[in-house]
K.L.:
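Quick one: the structure is below, and I'll ask about it shortly.
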Amino acid sequence: MCGIVGYIGNKQAADILIDGLKKLEYRGYDSAGIAVYNGEKIKVQKYKGRLSVLEEKVKENPVQGTLGIGHTRWATHGAPSDINSHPHSNASGDIVVVHNGIIENYMELKEELEEEGYTFKSETDTEVVAQLLDYLYTGDIVETVQKALTRLNGSYALGIISTREPDKLIGVRKDSPLIVGVGEGENFIASDIPAILKHTKNVYFLENNELVILEKDQVTILNKKGKAIKKEIFEVNWSIEDAEKGGYRHFMLKEIEEQPKALKDTMTSRLLEDQDQVILDQIKLGKKELQNINRIFIVACGTAYHAGLVGKYAIERFARIPVETEVASEFRYKKPIVDEHSLVIVVSQSGETADTLAALRLAKEKGARILAITNVIGSTVSREADNVLYTWAGPEIAVASTKAYTTQLICMYMLALHIALELGTISVEFFREIRDALKQTPQMVEEILKHKHDIQKFADHNFNTNSVFFLGRGLDYYTAMEGSLKLKEISYIHSEAYAAGELKHGTIALIEKGTLIIALATQQELYEKLLSNMKEVKARGAHVVAIAQEGHEEVKKVADEVFYIPRINDHVTPVTIIPILQLIAYYIAVARGTDVDKPRNLAKSVTVE
Ligand code: AGP
């Protein structure tokens, strides 16, 4: 869960590396470093703390050179410290490595090298790679790297430079993401596109076990067998602005406000006003294929899992097929009953989450058909799935996922409608009702965002609370889960989402004078039930804030405050409710002064188990 970047060209590498790391800091930010070849030796500068610490130090002690690698860290082996920061090198400092991932057999290799007289400065697995390269050096750095790879177990994206062959920058990937940016007289490696977008839009996505040799004017990619291969270059259609803050105080607020466009883009060319069908790109999931499927699983982590719960609701309601929604870290070890008659839908914004990837591979091994819903083209999940339905949300930089969630919801609804139409479990009238309701959501979310200052006022009165309960029934319960996660992960307030009807079986004991309750009451068929649950907690002194559909006046008599969403079909309210809960979490976090875009203990894409 780190970010790596590399540069070889004619420009000064240090600024390019630090600028690239700025775009990768959402991947990990407990220490950072760069290594630049200054024509004689490789100068390493690395420090514990945010990238700004490194930036200051490099300003004080600039380094010249047009070849370099950089790293921003999310500690896995060895606590955050200067010595454990990357880059790591061999004893003589002429082979230097940056790494994203985990070398699982590093202790074994370390002991072997210690027997050979090697000593180690840090507690990291990465330093072992640098020393192993030194130990195995054959006089040819590429050959040496290939040899070392046969000894490494685990996941890695590596950037390697050496004074022994200073005209090369080596990149290697296995399970951790790595892209190659192709420029004019310069080339790049990076963990993610935003790091190099300023310099080029032409990228190669490295597959597992591929190795790239970058020279100023040449890019050579070798496959696992060491054979040079030709790869399709991909032109990125994201603007730099897309990957920058665009004047917003935080990426999270920018991405919340980008939801109307992201929703529209994700429905474009798939859900058309005048068409009684869903155009699911090139995904062949017709009646014949569906009749061969008797089980559907939705597997994901965190926010993506919450989108999966709404997907379960929609597929079961519209297509009447039972769906199991599973957290990937449980699914992969529970020996799931999956076979060639199973459709496994994996959901992942980054497309790189280790647990979700492992679940995908397990299901694939068992013969299941894999459909991925992801936001990153070329991500590992997208390349290993049989079919991919992309959320067109654009780059999501803030750790707390917002626009990726709402666009995942849209993909879930489109999938449920498509399956239901194919199986004939819904009428065209019903299809049109849901289609038109979904097409209304961008404008409705825009409407809701206009009231963000009312939500800010609410947050400014409640940011000091230390516990919050989110209540809902049915679909609202699933939305409450996502609202609770958003609040927890950026404000550090303990909060729980609870099925409102379940509260009286124990947890209501926690409700006392002033307990903040956020109650979602948007489902007509459950409205009365939810109102009585609100009365139950009110009776214990709770401060109740309700979210309801316009026209539902009754709720005003029970709740202390009400946020209304524009009237919409009950089945799709998660899309229009969640921006309110995202903004509540955002403004409470801002009021508490937490690091909204890079919350403590978190990272945007969890690439280790
Ligand atoms: C959500 O705000 C978090 N960043 C986290 O729960 C995230 O949803 C989870 O790690 C899954 O990430 P993915 O969608 O990239 O697989």
Side-chain angles (χ1 to χ4, degrees), residues 1 3 25-29 74 175-177 191-193 250-253 255-256 259 262 298-311 325-332 344-361 370 372-382 384-385 388-391 393-409 411-412 478-479 481-492 495 497 578-579 581-586 589 594-609:
M1 302 188 287
E25 217 184 354
Y26 65 88
R27 303 176 63 84
Y29 31 83
W74 165 254
D175 289 344
S176 296
S191 296
D192 200 350
I193 293 169
H250 295 102
F251 278 111
M252 185 177 178
L253 184 59
E255 289 155 8
I256 290 173
Q259 289 181 108
I298 302 178
V299 183
C301 303
T303 287
Y305 168 75
H306 294 150
L309 290 169
V310 175
T325 300
E326 308 260 2
V327 287
S329 52
E330 289 297 312
F331 179 84
R332 59 182 295 190
V344 175
I345 304 169
V346 292
V347 189
S348 174
Q349 186 286 129
S350 61
E352 302 293 350
T353 300
D355 283 322
T356 307
L357 205 47
L360 179 162
R361 289 173 178 157
I370 312 293
I373 294 179
T374 186
N375 191 46
V376 178
I377 298 170
S379 59
T380 311
V381 162
S382 73
E384 298 197 9
V388 187
L389 188 57
Y390 285 109
T391 53
E396 190 175 68
I397 309 285
V399 168
S401 184
T402 53
K403 59 179 181 174
Y405 172 73
T406 42
T407 53
Q408 284 160 1
L409 294 181
C411 287
M412 285 290 168
Y478 298 153
T479 311
M481 286 182 181
E482 177 54 14
S484 173
L485 177 63
K486 285 285 101 50
L487 185 69
K488 281 187 277 198
E489 67 178 316
I490 62 173
S491 74
Y492 316 151
S495 80
I578 200 65
L581 301 181
Q582 292 164 348
L583 286 168
I584 288 176
Y586 173 75
T594 65
D595 189 329
V596 170
D597 281 343
K598 290 182 229 127
R600 69 184 183 200
N601 304 344
L602 292 179
K604 182 66 181 170
S605 114
V606 184
T607 51
V608 292
E609 198 185 322

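Note that ligands are numbered from 1 as they come in the structure, with each ligand's atoms numbered from 1 the same way.
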K.L.:
Atom 3 (C) of ligand 1: which protein heavy atom is closest, and how many Å away?
P.N.:
Glu489 OE1, 3.5 Å
K.L.:
For Thr325 and Tyr305, work out which heavy atoms get closest and say how close.
P.N.:
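Scanning both residues completely, I find the closest heavy atoms to be CG2-CE1, 3.5 Å.
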K.L.:
Which heavy-atom pair separates Met481 from His306 by the least distance, and what is that distance?
P.N.:
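Result for this residue pair: O-CE1, 3.6 Å.
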K.L.:
Out of all atoms in ligand 1, which are within 4.0 Å of some heavy atom of Ser350? Include the element for each.
P.N.:
13 (P), 15 (O), 16 (O)
K.L.:
For ligand 1, is there an N or O atom under 3.5 Å from any N or O atom of Thr353?
P.N.:
yes
K.L.:
Please give me the minimum heavy-atom distance between Met412 and Ala307, naming the atom from each residue.
P.N.:
CG-O, 3.8 Å
K.L.:
With heavy atoms of Ser401 as the reference, note each atom of ligand 1 found under 4.0 Å away.
P.N.:
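Here the atoms of ligand 1 in question are 1 (C), 2 (O).
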K.L.:
Please find the pair of heavy atoms, one from Gly394 and one from Asn375, that lie closest to each other, and give the distance.
P.N.:
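So the two residues come closest at O-ND2, 2.9 Å.
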K.L.:
Which atoms of ligand 1 sit under 4.0 Å from any heavy atom of Ala400?
P.N.:
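Close to Ala400: 2 (O).
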K.L.:
Is the shortest distance from a heavy atom of Lys486 to ligand 1 less than 4.0 Å?
P.N.:
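The answer is yes, since Lys486 has a heavy atom less than 4.0 Å from ligand 1.
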K.L.:
Tell me the protein heavy atom at minimum distance from atom 8 (O) of ligand 1, and give that distance in Å.
P.N.:
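Nearest neighbour among protein heavy atoms for atom 8 (O) of ligand 1, to 0.1 Å: Thr303 N, 3.0 Å.
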K.L.:
To check you understand the geometry: which heavy-atom pair defines the closest contact between Lys486 and Glu482, and what is its length?
P.N.:
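Nearest pair, atom of Lys486 first, then Glu482: NZ-OE2, 2.5 Å.
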K.L.:
On a heavy-atom basis, which atom in Thr374 and which in Ser350 lie closest, and how many Å separate them?
P.N.:
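Smallest interatomic distance, heavy atoms only, reads OG1-C, 4.1 Å.
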K.L.:
With backbone taken as N, CA, C and O and side chain as the heavy atoms from C-beta onward, which portion of Glu352 lies under 4.0 Å from ligand 1: side chain, backbone, both, or neither?
P.N.:
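Answer for Glu352: neither.
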K.L.:
Between CG of Leu360 and CG of Asp355, what distance do you get to the nearest 0.5 Å?
P.N.:
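Here the rounded value is 12.5 Å.
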K.L.:
Relative to the heavy atoms of Ala304, which atoms of ligand 1 are at a distance of less than 4.0 Å?
P.N.:
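Counting from 1, the qualifying ligand atoms are 8 (O), 14 (O).
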K.L.:
Can you tell me if Cys301 contacts ligand 1 (heavy atom of the residue under 4.0 Å from the ligand)?
P.N.:
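Heavy atoms of Cys301 do come under 4.0 Å of ligand 1.
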K.L.:
For ligand 1, which atoms sit closer than 4.0 Å to a heavy atom of Val399?
P.N.:
2 (O), 3 (C), 4 (N)
K.L.:
Will you find, in the side chains of Gln582 and Thr402, an N or O donor that is under 3.5 Å from an N or O acceptor?
P.N.:
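There is no such pair between these side chains.
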K.L.:
Considering heavy atoms of the protein only, find what lies nearest to atom 10 (O) of ligand 1 and give residue, atom and distance to 0.1 Å.
P.N.:
Val606 CG2, 3.9 Å
K.L.:
For Gln349, counting its heavy atoms only, list the atoms of ligand 1 lying under 4.0 Å from any of them.
P.N.:
13 (P), 14 (O), 15 (O), 16 (O)
K.L.:
Before accepting this row, confirm whether a basic side-chain N of the pair Glu396/Lys403 lies closer than 4.0 Å to the acidic partner's carboxylate O.
P.N.:
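No, Glu396 and Lys403 are not salt-bridged.
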